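This structure is a prediction, so every number in the text was calculated from the model and none was measured. In what follows, chains are A, B, ... by sequence order, proteins preceding strands, each numbered from 1.
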Amino acid sequence: MIKSLNDKNKDFFEQVYDVTRLIPYGRVTSYGAIASYLGSKKSSRMVGWAMNAAHRIPDVPAHRVVNRNGLLTGKMHFESPDQMQRLLEMENIEVKGDVVVNFKILFWDPSKELI
DNA sequence: CCATTGACTTAAG
DNA sequence: CCTTAAGCCAATG
């Protein structure tokens, strides 16, 4: 152990990354759903913050995480504002007016679909 | 150390 | 439909 990163540093964030990686292709979920699955539904803000920090992690499909209305609230934080929508459309997810069409059908709830 | 902000959500008016 | 307010908690100034 040379650098010894803080062991506790990977509590909430790491779990968020894990769940996010498990989102199936062509499906989406919400910050609240992830937060709820991890225990605190009201910590959805932290999920958003985790996504912000997830930029350094290539395996985390942050574009599959939207808010509870299917709105692409985090699109501003991508390389370009239209990148998020583009990535979604690339997975056959239709986006209209920054909102995921059929969001409620494409919605992937970790606490229900993930065991 | 205190204040503000934010990729959120829910409730109330 | 729009505005406040509250709850949550890390990061930033």
Quick one: pull up [atom1] in [X] and [atom2] in [Y] and give me the separation to the nearest 0.5 Å.
X         : Y         : atom1 : atom2 : answer
Leu38(A)  : Ser111(A) : CG    : OG    : 9.5 Å
Met76(A)  : Asp82(A)  : CE    : CG    : 11.5 Å
Leu22(A)  : Arg64(A)  : CG    : CZ    : 10.5 Å
Asp109(A) : Ser36(A)  : CG    : OG    : 7.0 Å
Gln85(A)  : Phe78(A)  : CD    : CZ    : 12.0 Å

Where the side chain of Asn69(A) meets the backbone of Leu71(A), is there a donor-acceptor pair that is under 3.5 Å apart?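 No, because the side chain of Asn69(A) does not come within donor-acceptor range (under 3.5 Å) of the backbone of Leu71(A).
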How far does the C1' atom of dC2(C) sit from the matching atom of dA7(B), given to the nearest Å?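 My reading of the C1' atoms in dC2(C) and dA7(B) gives 22 Å.
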Using whole Å, report how far [atom1] of [X] lies from [atom2] of [N].
X         : N      : atom1 : atom2 : result
Ile34(A)  : dA7(B) : CD1   : P     : 16 Å
Lys42(A)  : dA7(B) : NZ    : P     : 21 Å
Met76(A)  : dG6(B) : CE    : P     : 12 Å
Asp109(A) : dT9(B) : CG    : P     : 13 Å

Does Lys41(A) reach a base, just sugar-phosphate, or nothing at all? Heavy atoms under 4.0 Å.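 Since only primed, P, OP1 and OP2 atoms lie under 4.0 Å of Lys41(A), the category is sugar-phosphate.
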Considering only residues two or more places apart or on different chains, which pairs with a residue in residues 23-34 of chain A satisfy side-chain hydrogen bond (donor to acceptor under 3.5 Å, both in side chains)?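 Every pair satisfying side-chain hydrogen bond (donor to acceptor under 3.5 Å, both in side chains) with a residue in residues 23-34 of chain A: Arg27(A)-Glu113(A).
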Heavy-atom distance under 4.5 Å between the side chains of Trp108(A) and Leu114(A), does that happen here?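 Yes; the side chains approach each other to less than 4.5 Å.
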Output the single nucleotide from dT9(B), dA10(C), dA7(B) whose closest atom is nearest the side chain of Phe13(A).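 The answer is dA10(C).
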Check each residue of [range] for a non-hydrogen atom within less than 4.0 Å of any atom in DNA chain B, then write out the ones that pass by number, or none.
range                      : answer
residues 91-102 of chain A : none
residues 48-72 of chain A  : Gly48(A), Met51(A), Asn52(A), His55(A), Ala62(A), Asn67(A), Arg68(A)
residues 25-33 of chain A  : Ser30(A), Tyr31(A), Gly32(A)

Above 12 or not: heavy atoms from other molecules or residues under 6.0 Å from CZ of Arg86(A)?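 Result for CZ/Arg86(A): open.
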Check residues 92-106 of chain A and write down every donor-acceptor pair under 3.5 Å in which the side-chain atom is one partner and the other belongs to a residue at least two apart or another chain.
residue  : atom : partner  : partner atom : Å
Asp98(A) : OD1  : Lys75(A) : NZ           : 3.0
Asp98(A) : OD2  : Lys75(A) : NZ           : 2.9

Which pairs would a plain distance check flag for residues 50-63 of chain A, meaning a side-chain donor or acceptor within less than 3.5 Å of a matching protein atom at least two apart in sequence or in another chain?
residue  : atom : partner  : partner atom : Å
His55(A) : NE2  : His77(A) : O            : 2.8
His63(A) : NE2  : Glu91(A) : OE2          : 3.1

